[in-house]
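The next block holds one structure in the form of structure tokens; read it before the comments.
All values below were derived from every heavy atom in this structure, side-chain atoms included, with hydrogens, water molecules and symmetry-related copies excluded. Because the structure is a prediction, the values reported are computed rather than measured.
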Amino acid sequence: MIIMILLPVNVFARYNFSKPIFQLISQLKSRLGKQFAKASFKSIFSIGILNGLLPCGMVYAAVFGALAMPKLYLSVFYMLLFGFGTVPLMSGVVYLQKLFPLPVRNKIQKVIPIAIVCLGILFIVRGMGLSIPYISPGTTSLFVQAEPNCH
């Protein structure tokens with residue numbers, strides 16, 4: 001994640017690492033578009049399945065959370081709540097984008113790579129288990145124990 005931000009685009013373009021991935025995503029998007037043209041329950045189900053295959057970190061995080069549930073119905077309920085929770089935010093983005101002029105949106109676009117690098121560094125520091133409060137948990141809290149280890 002950090003390397004993709006720090007290296008220039010032309011380095012990645014030279015080696016073309018992402019071409020197979022973009023071809024797969026393109027195929028998924030075209031199939032998804034064909035399903036939107038239909039108006040049946042089968043097409044709505046297909047849209048949900050294909051949408052789950054498109055890359056989105058938050059959906060993947062929700063899927064992992066649902067997989068951690070002890071019962072199938074709790075996993076389904078988890079994903080259902082996640083889906084309902086995204087509706088207000090996604091709708092808000094569509095309607096609120098008109099409030100921000102293009103120069104402001106361009107400035108936000110320039111801040112995104114910086115935020116990604118900071119998030120990547122935070123993930124690395126958290127994974128090191130340095131026992132820094134609120135930033136990097138200690139290694140003892142990473143083990144599964146019968147009794148909770150709360151400080």
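The two residues Q97 and R105 come nearest to each other via the heavy atoms O-NH1, 3.5 Å.
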Which side-chain N or O atoms in residues 67-91 pair as donor and acceptor under 3.5 Å with protein atoms at least two apart or in another chain?
residue, atom, partner, partner atom, Å
S75, OG, A66, O, 2.5
S75, OG, K71, O, 3.4
T86, OG1, G83, O, 2.7
S91, OG, V87, O, 2.8

Pairs of donor and acceptor atoms involving the side chains of residues 107-119, under 3.5 Å and at least two apart or interchain, shall be tabulated with distances.
none

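Cluster membership for L102 and V104, using ILVMFWY side-chain heavy atoms within less than 4.5 angstrom, is not shared.
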